[in-house]
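Note that the structure is a prediction, hence the values are computed from the model and not measured. The sequence lines fix the lettering, A, B, ..., with proteins before strands; numbering per chain opens at 1.
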Protein chains: 2
Amino acid sequence: MDTRELILTEARKSFSENGYAATSLRGIARSAGVDVALVPYYFGNKRDLFVAAVEMPVKPAEAIAHAFAEGPEVAGARLVDTFVGIWEDPATGPAFVAMFRSAMTHDDARQALAEFASKEILGLYARGLGDIDPEEARLRAGLAASQLVGMVMLRHVMRIEPHASLTHEQVVALLGPTVQHYLTGDLGA
Amino acid sequence: MDTRELILTEARKSFSENGYAATSLRGIARSAGVDVALVPYYFGNKRDLFVAAVEMPVKPAEAIAHAFAEGPEVAGARLVDTFVGIWEDPATGPAFVAMFRSAMTHDDARQALAEFASKEILGLYARGLGDIDPEEARLRAGLAASQLVGMVMLRHVMRIEPHASLTHEQVVALLGPTVQHYLTGDLGA
């Protein structure tokens, strides 16, 4: 096994046994018996290592940055477009369904993914939303995520009609305003 | 095994092997070796039998009828209230999580639940929405369901914060307008 694979194996073990928060690059290097500098050399930061470890086929940081590239006021439809596109793509969708299923049934995988989503993905939304309270940003990000995940459940996991057969453009048109509302609208609560 | 249990066992087998649509009360009675009148006697119609077979702890027909009792214009918040209440209730929530997990991982359970949701639950929404095109009603119902299911995923399956700790009232206030929009608003698509 080469060094990269060795690190990945230990990373998967640590994420799944200890959860995302308690996993450190240093600890993984130690378990893998490699120099501590090699983990960031191969994988960057902890978030990217998790993405590699769960074989997430897309870097969430890049996808979210792309959605927010034109500013938060128009990120709603762009976020739906990006997210739905990833799940529709035969090169990336099935891996997400598998990851999701595994998180639904293995509590350690669920915990790692929940911590990852909570600490990292929601943080990226906060950055995209600009200078707002971090707690509010996490709330808004999670609301947007709830709508996106729910539609993915109907379309790609449960495959319920007519939603499984909606075109990409229809989904963007139907969900875009909702996600935009969650990102920048008056939540009234 | 008493007659009721015998019917339930055959019902579970048929729903899971043949799917919801292809399962008939007559076929179940035949497999169970009981008179065909006994299935409706114990379980009412096919929908109620499925609810009993998957040990669904709430009759969806009653919950949805309750949400629409004051008319479709105010059903949004009532629907969130009912749905979130069922998942929060320690007497009913865990059974739903289990049913959901099983549908995520067993393709026959997924298919039965998807058919059930598609044919029956979405039909009840259509009735609640009054005299509108059935296809439009199914679209609206599924959009509402996508938002409800997505929030349940965050709160009860993945347990992501801060959403897992939101109060019942906060969830109703945050999601009510979205669900109302899907039920009766201008979908613009």
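Contacts from residues 146-158 of chain B to chain A, taken as heavy-atom pairs separated by less than 4.5 Å, involve B:Ser146, B:Gln147, B:Val149, B:Gly150, B:Met151, B:Met153, B:Leu154, B:Val157, B:Met158 in sequence order. Of residues 159-167 of chain A, those residues with a non-hydrogen atom less than 4.5 Å from any non-hydrogen atom of chain B are, in numerical order, A:Arg159, A:Ile160, A:Glu161, A:Pro162, A:His163, A:Leu166.
Counting only heavy atoms from C-beta outward, the side chains of A:Leu139 and B:Leu174 approach each other to under 4.5 Å.
Following chains of ILVMFWY side-chain contacts shorter than 4.5 Å, one can reach B:Leu38 starting from B:Leu25, so the two form part of one hydrophobic cluster. Two different hydrophobic clusters hold A:Val36 and A:Leu49 under the rule that ILVMFWY side chains link at heavy-atom gaps under 4.5 Å. By the rule that hydrophobic residues join a cluster once side-chain heavy atoms approach within less than 4.5 Å of another member, B:Val84 and B:Val74 end up as members of separate clusters.
Of the listed residues (A:Glu169, A:Glu135, A:Arg138), the one with the most heavy-atom contacts under 4.5 Å to chain B is A:Arg138.
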